[in-house]
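Worksheet: the structure to be examined is printed underneath.
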Amino acid sequence: MMTLITELFLMPLVAFVIGLFMVLMMRKIGARLQRRVGPPFFQPLIDIIKFHSKETQISHGLIHDIGIIMAVGGYIAAETLLPVPGMDGIADKGGIIALTYFLMIPSLGLALGVGQCANPNGSIGISRALTAMLAYDIPFVIVIFGVSWHYGTTNLVEMVNYQQANGWGIVEMPILALAGLFTLQGIMGKQPFEIYVAPAEIATGPMVEMGGKYMGGLFIMQAFQFYTAGVLYTTLFLGGGENWPTFLMKIFIVVSIPIMIAYMFPRYRTEDMLRLMWKWPVIAGLIGLALVMH
Amino acid sequence: MTLLDGLILLALISVLVTMLGYRLPVIGWLTSALFAGQLLVLFLMSGLGYGGDTIHSSVALSIFGQPLSWRFDALSWFFALITIGAALASSLFAAGEWGRQYRQNGGNPGLLQFSLALNVLTMLILLASGDLLALFIGWELVSWASFLLMAMAGGAAFSWAMRYITYATGGAMAILAGMGMVYQMTGSLQYADLMAVAGQLSQAQVVILSLLFGSGFAIKMGVLPFHLWQAGAYAETPGPGTAFLGSISSRMGLYGILVVLVQLIGLGRLIEIDISFTWLSLRDLLMWVAAITIILPTFTALRQNDARRLLAWHGVGQGGYMLLGIFSATALGSSGGLMHVFNHATYQAALFLSVYAVVHRTGTADLNKLGGLVTRMPLSFLVMLVGIIGLAGIPPMNGFVSKWLVYRSLLIEGMPLLFVASVIGTLGTILSVYKLIHNMFLGQLRAEHSEIREAPWSMMLPMLVLSLIVFITGFMPGLALDWVAAAQAAVGLPVLQHSLGGVEMEQGGLDMTWLVAVLFAGFGIGALLFYSTGKTRHVNQLDNYAGGHFLTADVRYHYSDHFYAGLMHRIGHWYRESFQWLESVLISLTGFVAQGASGFYRIVQPALLMLVVVVLALWVVR
Amino acid sequence: MNMITLIVALPLLAAFLLPISDRALGSVSRFVGPIVLLMNIILIMTLWQKSEGAPFALALGGFRPPLGISFYVDQLALLFALLVSILALMLWPYKADTNPRVFGLMLLLTGAASGMALSGDLFNIYVFFELLSVASFGLVASLRTGAAFAATTRYLIISGFGTVMALTGVALIYTQTGTLNLAHLATLAPQQLDNATGLTAFALILLGIGVKAELFPVNTWVPEVYATASRRVSALMAGLVSKLAVLVIVRLMVLIFPQPEAMQLMLALGVAGVLIGELSAWRARDFVRMLSFSSIGQLGLVFVAFSIPGEAGILAGLAVALHHLLVKPALFLLAERWGGSLGRLEGAGRRSPLAAGLFVLFALSLVGVPPLPGFWAKLLTIVGLLGQAAPLYWFAAAVVLVATVAEVNYLFRFGLTLFKREEQSAQVHKPHARIDLGTVSVMGVVLLTAMFLIAPLGERMQTIADQTTDRGLYISTVLGPVGGAR
Amino acid sequence: MSDLKQIPVVAKETGKERTNPLANVFDELIRFAQARSMFMLHYCTGCGAIELPPAMTSRFDMERLGIQPMVTPRQADILLITGYVSIKTLKRIILTYEQMPSPKYVIGICSCTVNGGMYWQSYATAKKLNEYLPVDLYIAGCMPRPEAVIEGLRLLMDNIKSGKSEPWKDYYQRYDYYLGNQQHLFGDDWQTPTDIIGEAEHFGLMGPETEGEHTRLLQQHQQPLEPHKMRLK
């Protein structure tokens, strides 16, 4: 019991730290691709501290606050559902389906908070973000189905065990893994699928009224988001965590791929994103599914 | 006199009291008390919900040689619980200030209470039916009682109620035909006799029976392609009536399907039957119908600009999950389907009531004419928030649990496309409910709504209780799963082994108690982080980024219309309204034929006609 | 037992005397009719009690059948004779300004109808049928409007043709068998009428008598006549006269023409009637026309029900016929004040809630909403139809079911119109006459009573149906045990 | 008032004296973070904006100093005004400034912001930005090169780190002065949707000159912009 509670506290903390490094990696990769130096090592943390140390901050109401709490808190809770080397948390109590829906809680919280800001730019951003979710979740659930079917379980711990005994999922279902990678781009909300942010058009959409610790909360959320995406993909396809060094390597590599793609693309319009997401990854997913289930 | 007799008698008394006392100002409270009494009797029968013996009614008739009997088993009890609970919530909602305002606006709250009582009575009769004849009698009674509730508002409600009753009669006639066939096959209308011969029926007979009964009952659920009537008919019903109808009325169709298709004929028979030229069995076909019922109405809901319509369309779509779960015929899936009946009733009632609380204060349910009400009606917002989380099937509310069970069973059964279809439905629901809560409660508060107050406690009470149930059964789904398991046993489905927190399985179970506890712990940490740093100041909504523009109260700075513009760019042209078209074609065709038929009476020359008739008659006889 | 002749004789006598005595008696003559009818009712009741349900035959003038004229009195005949009197009493033209001649015609109609119900002889039946026709012509035209005369003319022409056809049929039977006594015919039919000639004769009689019974192709008079005649007359025609014609046809079918072809011919015509009647009613935009078409559809249903072979058919048919006999007159009486197009009736029900409530009650029963009696009638019909192997029966069942949907639609479209909130509607309808509303209320009470007593009523109808289908009983009752033994 | 020393310094309340030795470390950390993470909103009114892209991109790369462009005032720390300020634009600039969360800094780039530059004679141009907003730093030049911009930002960074750059407090504490100048330019009915006095009260930033004759004038015609508090009754 004590171990479990320790894990429950430790897992989000580890996730946050790793997530910060991932954010740093993203910014560094972006900078290097643009032939810049990029931010200093502690920049992600410094940004968060700065945001939280603002002296005059405005709130648009209780729901605005609760939105941020839900966004951060939801991710904190979700991290305990993701098994990492040595720590399973409560991964066996939910499984992949529960996790998928758990990950919607932070988004929903954010959406509520943004809604209360009474800024149409934010609402437009949320409408686009939700549409994007509709776009990438369809191939994503195909992938989830195929993976769960293949491993015969929805329990992430079991999946990891299976892969460590029988080889990585990416070897056995390469096409599904490809489709999964594609959707990862959408899940992480990076270019070319970040029309919902669109800084020059709708002033960063959901973030338009977020300043101070509100924005700081969103920066924390972003760290969690990167971590979650990386760990999830690793758990599904790359054998999960055997030990920390390989695990870290895997998740950083996983996250770096969408980021590298992101900095080479402009963005798609919402409808084009829908078409793209509903076409290629879905086709790949279905083929992969057919191969898995045949 | 058994408890069942007592229950139905009490329901009858409620009807009589409301009929005689509909002018009394306290009739709402009186009816609520009577419903509470019914609920109490139902609790006395609660042994049923935990696997107790069937309770028979002491009333038994024999008409035209057909014995009629009534009884309550676990399934009936489960549905009755939802029915009376929904009626109690609706009635309580209408009892106080809502009823007064309704009366001022020319409505008749007593009639509403009477309709509610009548609906409950008829539903109890239906649920208690112990043979096919009693089932049909109950079915028709329910249909017409709902008709009364739908039509009582007048105006636009009339045409929708007409549409409903036309569909409903069509359904009833299909059931009647099915009953006639059963009678022809077994020589009786008893459940036991049909169950006994179900194994020997030929495939063709099973197909015809399932289609007749299935479509008959499905019409009440609004399953495609019989879905066109429902949303409008429900939306036009006066407030609490909508909540009642939306939460339970259409589920009577599901009860019928459970009794006839699942219990009597048996899903096993449906699985055996292959449909030519496809890979599908009859059961699979029905599952696909259910899946399409999830998707199309959900995405129709997405386009609605009226909160009531939007929710009513979701009601249609959610029925698909129930069917999908039940037709999966597994312990997991069917428990998901059954539990969704309960869950849907709770959150749908909460949602409708909160919408009507807003309508009560603002006078409109138009999603383009509201906004920002969260500061004025925070409790209604809370109720709606709980409701939409439930409706969208996101943890920690109960809607997630039942949907999870359905997903999980589809996963185990290896039905990827149905799985994807059901998830698409959920995604569509999320989009649509966000639009609902955003356009009503979030965004900019309109100047004319700045003085609005929260709904009175008589309306808040049922809403809050309902949302509490939504949360608690999400936190501890085992509470509801006990009843579901008993109901499963009653209709002969495999019974789900469950715990208080959900399902324990080696291949990935679900323990909501843990998940929810951790989730709230996470929120707690988030709140700690948030509130421990930096002071904030609450500002007016006009202090807002608008690219440097000065916002003033007379400028509407709000995004509501055409909410998912990008999505509609992509899928907008997929809305072909084919079913509308089909319906109108059918009506036109009937009109055309009818024109010809009545033309016969306008233009026929009597003498010539007689000559023709004689010649034809003689020719036929030859 | 000879009192039975009085049932026929008394109204006829009164009918012929009334126009003559009218001048002398003055206003008293208005009470003659009801008194006669009441006497009739009492008479029939006592008879029923005495006979204890057992059938008996009566040879008029002492000539024994098959030679003489005979009455056959079983429960079915008594029931219909009773209903004739009761309904005539209920639908009696009580209005003060009624032409005394109408009273005579009413009594004539009653007498003839009772005769038709009781006759055990084809020729007698024909004669009473003619009498009935004449009376109905007079009644239909009694409003003396141009439209009424035009409608009557049409009715007359069709009826005339019908009479000729029926007579031809009767003649055919006579040439084939040499007798017109039903019992005697029943003994001879299996040998001599089970052929094309017999079938032709049946077809001719069916169509001929079917004119009165609103049988499908020969019912073109219906909408106009009902629209132009007074509502009470329409009610009488739709409720009573049509049922008696059906009764005759049923008697013939049971006793003489039990061939499946005959059944199927009737079924086919019935189905066509249901379909065309209900669809036309669906299109009608006028309450009375709607009721007329609905009546055609319902009579079609009666034919469909009766064409189910065996006891089930008689039971179902009887149930449908009795139900319609109660409901349709009530609706016609309600139409007294609710004529004209539907649009003008908006909100009429809010002004007279009792009338509107009664309408809803009857409409619900008509479409067969359980537990109202109409449901049981429909249930019996459907179960009976689906119990048959021939596909035509299944088709008929489908048509009946679909027609019910149309029926619900048009009846409740009208019903809801009644409850619409009117917007400064200029159409102020007069409230229903108290006598009309009273009559309808009584009928409503009867309907509800029937709902509660459906179990004993069902048993009673079962025995009637048993008795009716028992050919041997008929033959032995009329011809005596010797004649009956074949 | 261009000389900072002339600004009366408000004495800190004595009760708030810190006793925790770590508090200073903490303050240091906060100031360090604030200095090393500056998100800027560039209000590009004139030609100076053209010098910002090079400063941001690969040639000079502001990001290595932790400086990033942002798009809404809520997220930004620095308001960069890059060119002449017309009266019409100034209204927007003031609103934007007031919507930024403190600590916030204003940098005027180009000569135009200092004294109107080549628009000195224009009737429609605000000449001295620091009459209307508390400007932290001017980067003069027509236009200043990216090196100069970076240099200016570095100076600001040092100021923040050493705790010297607090003119944003001045805006709250001497709001009456700034408002007076604004009213002089825009007329007596000038107001923004933001509520500076309320904010100053809420965050304890009131100074002796926060309120004065000009704020009274404002309060006379200001429509109340109370926040919509959640209420049950």
Side-chain angles (χ1 to χ4, degrees), chain A residues 8 52-54 56-61 63 65 68-70 72-74 76-77 80 90 93-95 97-98 101-102 104-105 108 111 115-116 118-120 123-124 127-128 130-131 133-134 137-138 141-142 145 148-149 152-155 203 208-209 212-213 217 269-271 274-275 289 293, chain B residues 372 374-375 385 389 393-395 400 404 407-408 411 414 416 419-420 423-424 427-428 430-431 434 437-438 442-445 507-511 514-515 518-519 521-527 529-530 533-539 541 543-545 547 557-559 563-567 569-570:
Chain A
L8 291 184
H52 280 91
S53 69
K54 283 287 183 189
T56 67
Q57 309 187 41
I58 60 102
S59 159
H60 279 287
I63 307 303
D65 303 355
I68 300 301
I69 294 172
M70 276 175 82
V72 176
I76 290 176
T80 61
I90 54 168
K93 304 215 161 37
I97 303 177
Y101 282 88
F102 240 67
M104 289 177 186
I105 297 175
L108 179 73
Q116 163 119 62
N119 195 312
S123 304
I124 292 171
S127 119
R128 290 178 180 180
L130 288 173
T131 310
M133 187 187 75
L134 179 63
D137 257 5
I138 291 174
V141 295
I142 295 176
F145 190 97
S148 313
W149 178 261
T153 176
T154 56
N155 188 335
V208 61
E209 276 295 301
K213 58 183 174 182
R269 288 181 301 174
T270 313
E271 54 265 42
L274 287 164
R275 188 174 56 194
L289 197 63
M293 293 188 72
Chain B
V374 60
T375 53
L385 180 62
I389 296 178
I394 296 175
F400 169 70
W404 185 89
Y407 299 144
R408 191 72 186 89
L411 234 167
F419 179 83
V420 173
V423 175
I424 290 174
L427 295 172
I430 294 174
L431 263 66
Y434 180 70
I437 199 166
H438 173 271
L442 302 175
Q444 197 186 21
L445 183 70
Q507 285 81 35
L510 180 74
D511 193 337
W514 265 103
L515 293 185
V518 169
L519 179 66
F523 287 166
I525 296 174
L529 277 179
F530 184 84
T533 58
K535 205 173 163 190
T536 59
R537 178 167 180 271
H538 191 169
V539 297
Q541 57 184 0
D543 181 1
N544 219 321
Y545 173 74
Y557 197 52
H558 187 63
Y559 181 61
F563 198 78
Y564 292 105
L567 181 64
H569 271 295
R570 178 89 250 125

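By convention in this document, chain letters (A, B, ...) are assigned in the order of the sequence lines, proteins followed by strands, and residues within each chain are numbered from 1.
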Parallel, tilted or perpendicular: rings of B:F400 and A:Y101 (30°, 60°): tilted
Criterion side-chain contact (heavy atoms from CB on, under 4.5 Å) on B:Y564 and A:T270, from CA distance to verdict: CA-CA 10 Å; B:Y564 292 105; A:T270 313; over 6 Å; no
Least distance between heavy atoms, B:V518 atom then A:A77 atom: O-CB, 3.7 Å
Toward chain A, the part of B:L445 with a non-hydrogen atom under 4.5 Å: neither
Contact class of B:H438 relative to chain A, heavy atoms under 4.5 angstrom: side chain
N/O donor-acceptor pair under 3.5 Å between B:Y434 side chain and A:A111 backbone: yes
Closest heavy-atom pair and its distance - B:W404, A:G94: NE1-O, 4.3 Å
B:Q507 backbone acceptor or donor facing A:T154 side chain under 3.5 Å: yes
Validation row: A:F102, B:L515 side chains within 4.5 angstrom (heavy atoms): yes
Beyond-backbone contact of A:K54 with B:T533, side-chain heavy atoms, under 4.5 angstrom: no
Nearest heavy-atom neighbours spanning B:W514 and A:L8: CZ3-CD1, 4.1 Å
Residue, of A:V72, A:V141, A:L289, that accumulates the most heavy atom pairs under 4.5 Å with chain B: A:V141
Selection from A:G212, A:A203, A:G61, A:G95 maximising heavy-atom pairs under 4.5 Å formed with chain B: A:G61
Main-chain N/O of A:A118 paired with B:N544 side-chain donor or acceptor, under 3.5 Å: yes
Chain A contact via B:A527 - which portion, at a heavy-atom distance below 4.5 Å: both
Shortest non-hydrogen contact from B:L411 toward A:S148: CD2-CB, 3.5 Å
B:I437 CD1 to A:I63 CD1 distance, which is reported to the nearest 0.5 Å: 8.0 Å
Straight-line distance of B:L519 CG to A:T80 OG1, nearest 0.5 Å: 9.0 Å
4.5 Å side-chain heavy-atom contact, B:F530 and A:D65: yes
Heavy-atom closest pair, residues A:E271 and B:R570: O-CD, 3.3 Å
Selection from A:I97, A:N119, A:I58 maximising heavy-atom pairs under 4.5 Å formed with chain B: A:N119
Region of B:V539 that comes under 4.5 Å of a non-hydrogen atom in chain A: both
Minimum heavy-atom distance between B:P416 and A:M293, given as atom pair plus value: CG-SD, 3.6 Å
Rounded distance [0.5 Å steps], OG1 in A:T56 versus NZ in B:K535: 11.0 Å
Non-hydrogen side-chain atoms of B:L427 and A:M104 separated by less than 4.5 Å: yes
Closest-packed option against chain B by number of heavy-atom pairs under 4.5 Å, given A:D137, A:V208, A:L108: A:D137
Flag, side chain of A:T131 to backbone of B:L567, donor-acceptor distance under 3.5 Å: no
Beyond-backbone contact of B:L510 with A:K93, side-chain heavy atoms, under 4.5 angstrom: no
Option that, when pairs with chain A are counted at under 4.5 Å, heavy atom only, ranks first among B:G372, B:G566, B:A521: B:G566
Which atoms of A:R275 approach chain B - backbone, side chain, both or neither, heavy atom under 4.5 Å: both
Side-chain touch A:K213/B:L529, heavy atoms, less than 4.5 angstrom: no
Under 4.5 Å from any heavy atom of chain A - which part of B:F523: both
Segment of B:F419 engaging chain A (4.5 angstrom heavy-atom cut-off): side chain
A:Q116, part contacting chain B, at a heavy-atom distance under 4.5 Å: both
Contact leader toward chain B among A:L130, A:I76, A:I142, where contacts are heavy-atom pairs under 4.5 Å: A:L130
Point-to-point distance, once rounded to the nearest 0.5 Å, from CD1 of B:I389 to CD1 of A:I105: 7.5 Å
Nearest-0.5 Å distance that lies between atom NE2 in A:H60 and atom NE2 in B:H538: 8.0 Å
